[in-house]
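What follows is a single structure, written as structure tokens, with notes after it.
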Amino acid sequence: MVLRFLWAGIILVSIPVAVAADETKSDTVVVTATRTATTADNTLASVTVITRADIDRQQATSLPDLLQGTLGIGMSNNGGPGKATSFFLRGAEADQVLVLVNGIKIGSATLGIASFQDIPIDQIERIEIVRGPRSSLYGSEAIGGVIQIFTRKGGGRFTPSLSFGAGSHNSKKASVSVSGGGKRSWYHLGISQFETNGFNACTGDPILFSGCFTIEPDDDGYQNQSGSFRIGHRFRNGIEIETHGLRSNNETDFDGTFVNQSETRQDVIGAKLKVPVTKKWHMSLDLGTSDDKSKNFLNKVFASSFDTKRETVSLQNDVSLGDHHLLTIGADSLRDKIESTTVYPVRSRDNDGIFMQYQGQFSKHKLLLSLRKDDNEQFGNKTTGNVGWSYLLNKGLRAMASYGTAFKAPTFNQLYFPFFGNANLVPEESKSTEFGLKGKTRWGHWSINAYQTNVKDLITFDPLTFLAANINKTRLRGIESLLSTHIAGWRWQAQLTLQDPENRSPGTNKGNSLVRRAQQQLRIDLDKKMRKLQLGFSLLAEGRRYDDLANTRKLDKYHKVDFRLGYRINKTTLFQARIGNIFNKNYETAEFFNQDGRNYFFTLQFQPK
């Protein structure tokens, strides 16, 4: 299996006609990989950056729609817009992926995952995806990597914006925003609404206890109302202050036996202070809180509620030790709290961490060392680290290698949920190794990365005790290949992920593939701009996957093609049209949960130039 992956990756980067592509330009600045600003070309991590221009060009109507097929990311969705969506980064579990909004940790402290389906895409400025372990900088959860979302910032002259959209399933969208601030200030204020009648989310089987365990052949709608703000100022002495906020109110219908409706709210609010203490010493302080609230109903009758809160404080010092040498020392504190109609014997916990990172360059060598110690109120001390190295082989060609450890603390559900939780659980732990090459040529740029992650003490359901237990082991290995080029006026972007997420736990399922992870995934994007007209196509192809640990319930491989068009009517008005799944392919990313067939969406945007 590994040799097959390796040869596929070698073949991929040997073909300069865009078999794969990197969405991230080499001079793009990223901060998530090291908690410091550096260009994608200089970072020793595998990163992808999706900008606002990419979002507008792809005409995505939701965050899952935007991220599907992105390098290293696998996705499962339970039946369309607003339905439960999980992302598997490099094959890691959905709760082993850390998600940040403007530096603030988000996600449910009970479920352990972020509600990607409810994060409003109209409020997003940029997304940074870092593949590989980052617990040495962020603590728990970053086994597979980190996804950080930055809300829209503003700056420059005063700019209002207005857009309307409509499409399949009686879908409608509207957004309005204003931004500006000048040279040393910035602000953005925006609100948006999206609603759709949806389609039948699930074709469950109540007799075989499959899918949603019920038959409800109706359309399952979704509504999202959101708003965001981001306001900041840089004083003449270099001090920066900023505050930001994001809110999403949601109503979702779905198919289920115990609940089939939910009302949820996502809140993130924070503040940042940056102080240049000296020319070589810069200090920053971040404060923030995120809320994940839900009320659940069965046929409009209240059934349960969950309210989780994450409060974060972080202090960071960046000290220059000379040209090309940077030392980062910091500390942070996280408090998780829950309120629920479900009884939890423990409803809060604290985690304090200290971390240190060194980045240096010696001639053609680059080096990264990071170390972190976490003190968790429930699980004691955990130490994690990362080592990264790269070497410039020749102009435009660089080799890289890294090793890192990570951990994830059990969620409140895994510890205490009635008839499932086990208070004796210990954190999951991982060790990861990665090797890569990346290069820039006259026809484009490319990269290839091979990795392996071993995870132990994985938490899963134990059929002997009918409780959660640390009994699983997994081995995640794969190759990711990227290339970017222009051919005949077309911009080619493609991304190939080949992975083998294997269950290594003792028993009959040892050697099987992990649930809902496709072993092959390819996405190719083609775009061409012609004066007032812009055309684009996207191809997404994914291999087979399984929906059970025994690998007896197979989900077939599939491919789908999307088409997009943009036409600038005048300097202030843009018309966009998107047809998704042109060939009306029938597919599932989770067994019995339906995905949309052929669909369309039209948008009209107004913005002064």
- Item | Side-chain heavy atoms of Ile149 within contact of Ile119, under 4.5 Å | yes
- Message: Closer than 3.5 angstrom, by distance alone: can the side chain of Asn77 be matched with the main-chain N or O of Gly80 as a donor-acceptor pair?
- Response: yes
- Please test Tyr222 against Asp118 for side-chain contact (heavy atoms from CB on, under 4.5 Å), starting from the C-alpha separation and ending with a verdict. CA-CA 10 Å; Tyr222 174 66; Asp118 293 329; 2.8 Å; yes
- Item | With Phe150 via ring pair (Phe, Tyr, Trp, His ring centres under 6.0 Å) - residues at least two apart | none
- Are Arg152 and Asp122 close enough for a salt bridge, meaning some N to O gap below 4.0 Å? no
- Message: Looking at Ser171 and Ser168, would you say the former's side chain and the latter's main chain have a donor-acceptor pair under 3.5 Å?
- Response: yes
- Hey, are Glu125 and Lys153 close enough for a salt bridge, meaning a charged N less than 4.0 Å from a carboxylate O? no
- Task: May I have the step-by-step check of side-chain contact (heavy atoms from CB on, under 4.5 Å) for Ser46 and Glu434, ending in yes or no?
- Result: CA-CA 9 Å; Ser46 179; Glu434 181 175 355; 3.7 Å; yes
- Spell out, as yes or no, whether a donor-acceptor pair under 3.5 Å connects the side chain of Ser505 to the backbone of Lys473. yes
- Task: Please tell me if the side chains of Thr573 and Gln605 come closer than 4.5 Å, counting only heavy atoms from C-beta onward.
- Result: no
- Only one of Asn586, Asn200, Asn78 passes side chain to side chain contact (heavy atoms under 4.5 Å, CB included) with Asn594, and that residue is Asn200
- Determine, step by step, whether Gln534 and Arg57 satisfy the side-chain contact (heavy atoms from CB on, under 4.5 Å) criterion, reporting the C-alpha distance in whole Å, the side-chain angles of both residues, the deciding distance to 0.1 Å, and the verdict. CA-CA 9 Å; Gln534 185 168 350; Arg57 174 176 50 82; 3.5 Å; yes
- Pair Asp527-Lys529, salt bridge (charged side-chain N to carboxylate O under 4.0 Å, His left out): steps then yes or no: CA-CA 7 Å; Asp527 290 276; Lys529 192 171 184 179; over 6 Å; no
- Query: Counting only N and O atoms by type, is there a donor-acceptor contact under 3.5 Å from the side chain of Gln499 to the main-chain atoms of Gly478?
  - Reply: no
- Item | Val31 to Glu128 - nearest heavy-atom pair and separation | N-OE1, 3.1 Å
- Query: Taking the side chain from Asn551 and the backbone from Ser513, do they hold a donor-acceptor pair closer than 3.5 Å?
  - Reply: yes
- Message: Between Lys408 and Glu141 (salt bridge meaning N to carboxylate O under 4.0 Å), is one present in this structure?
- Response: no
- Would you say Leu67 and Ile129 make side-chain contact, with heavy atoms under 4.5 Å? yes
- Task: Measure across Ala450 and Ile479 and return the closest heavy-atom pair with its distance rounded to 0.1 Å.
- Result: CB-CG1, 3.9 Å
- Message: How long is the straight-line distance from CZ of Arg564 back to CG of Leu526, given to the nearest 0.5 Å?
- Response: 8.5 Å
- So OG1 of Thr85 and CE of Met75: to nearest 0.5 Å the spacing works out to 6.0 Å
- Task: Among Leu604, Leu565, Thr603, find the residue that satisfies the side chain to side chain contact (heavy atoms under 4.5 Å, CB included) test when tested with Gln576.
- Result: Thr603
- Item | Student check: side-chain heavy atoms of Tyr138 and Leu100 closer than 4.5 Å | yes
- Query: Going through the distances and angles, do Asp219 and His169 end up as a side-chain contact (heavy atoms from CB on, under 4.5 Å)?
  - Reply: CA-CA 9 Å; Asp219 290 340; His169 313 298; over 6 Å; no
- Does Asp548 pair with Lys554 as a salt bridge, N-O distance under 4.0 Å? no
- Check: Thr497 side chain, Gln521 main-chain N or O, donor-acceptor pair, under 3.5 Å: no
- Do Arg578 and Asp65 pass the salt bridge (charged side-chain N to carboxylate O under 4.0 Å, His left out) test, and can you show the C-alpha distance, the side-chain angles, and the key distance before you say yes or no? CA-CA 12 Å; Arg578 180 177 186 266; Asp65 184 29; 3.3 Å; yes
- Task: Decide, yes or no, whether a salt bridge links Asp525 with Arg523 under the criterion of side-chain N to carboxylate O below 4.0 Å.
- Result: yes
- Message: Between Lys83 and Asp220 (salt bridge meaning N to carboxylate O under 4.0 Å), is one present in this structure?
- Response: no
- Task: Please name all residues satisfying ring pair (Phe, Tyr, Trp, His ring centres under 6.0 Å) with Tyr600, sequence neighbours left out, ordered by chain then number.
- Result: Phe602
- Task: Validate the cation-pi geometry between Arg517 and Phe88: distance from NZ or CZ to the six-membered ring centre under 6.0 Å, angle to the ring axis within 45°.
- Result: yes
- Side-chain (Arg131) to main-chain (Ala45) donor-acceptor, under 3.5 angstrom: no
- Distance, nearest 0.5 Å, that separates CG of Asn584 from CZ of Arg598: 4.5 Å
- Message: If you compare all heavy atoms of Val268 against all heavy atoms of Ser290, which two are closest, and at what distance to 0.1 Å?
- Response: CG2-CB, 4.2 Å
- Item | Rounded distance (nearest 0.5 Å) linking atom CG of Asp56 with atom OG of Ser163 | 9.0 Å
- Note on the structure: Between Gly82 and Thr252 the two heavy atoms that sit nearest each other are O-CG2, 3.5 Å
- Query: Are Arg475 and Glu502 within salt-bridge range, i.e. N to O under 4.0 Å?
  - Reply: yes
- For Phe194, enumerate each residue passing the ring pair (Phe, Tyr, Trp, His ring centres under 6.0 Å) test, keeping only those at least two apart in sequence or located in another chain. none
- Message: Looking at Lys585 and Asp556, is there a salt bridge between them, counting it only when a charged N and a carboxylate O are closer than 4.0 Å?
- Response: no
- Partner residues of Arg545 under the side chain to side chain contact (heavy atoms under 4.5 Å, CB included) criterion, sequence neighbours left out: Ala518, Glu542, Leu555, Tyr558, Thr589
- Identify the two heavy atoms, one from Ser115 and one from Gln266, that lie closest to each other, and give their separation to 0.1 Å. OG-NE2, 3.6 Å
- Query: So, Thr264 and Asn250: side-chain donor and acceptor under 3.5 Å apart, yes or no?
  - Reply: yes
- Spacing of Tyr546 atom OH and Thr552 atom OG1 [to the nearest 0.5 Å]: 9.5 Å
- For His486, check side chain to side chain contact (heavy atoms under 4.5 Å, CB included) against everything at least two apart and list the hits. Arg491
- Does NZ or CZ of Arg477 fall inside the cone over Tyr451's six-membered ring, less than 6.0 Å from its centre and within 45° of the axis? no
- Check: Ser294/Ser262 side-chain N/O donor and acceptor closer than 3.5 Å: no
- Note on the structure: For Phe593 and Cys212, the nearest pair of non-hydrogen atoms, with its separation, is CZ-N, 4.1 Å
- Item | SB check Glu480 Arg90 (cutoff 4.0 Å) | yes
- Residues that Phe537 engages under ring pair (Phe, Tyr, Trp, His ring centres under 6.0 Å), provided they are two or more places apart: Phe563
- Query: Below 4.5 Å, heavy atoms only, C-beta onward: do Glu93 and Ile459 meet side chain to side chain?
  - Reply: no
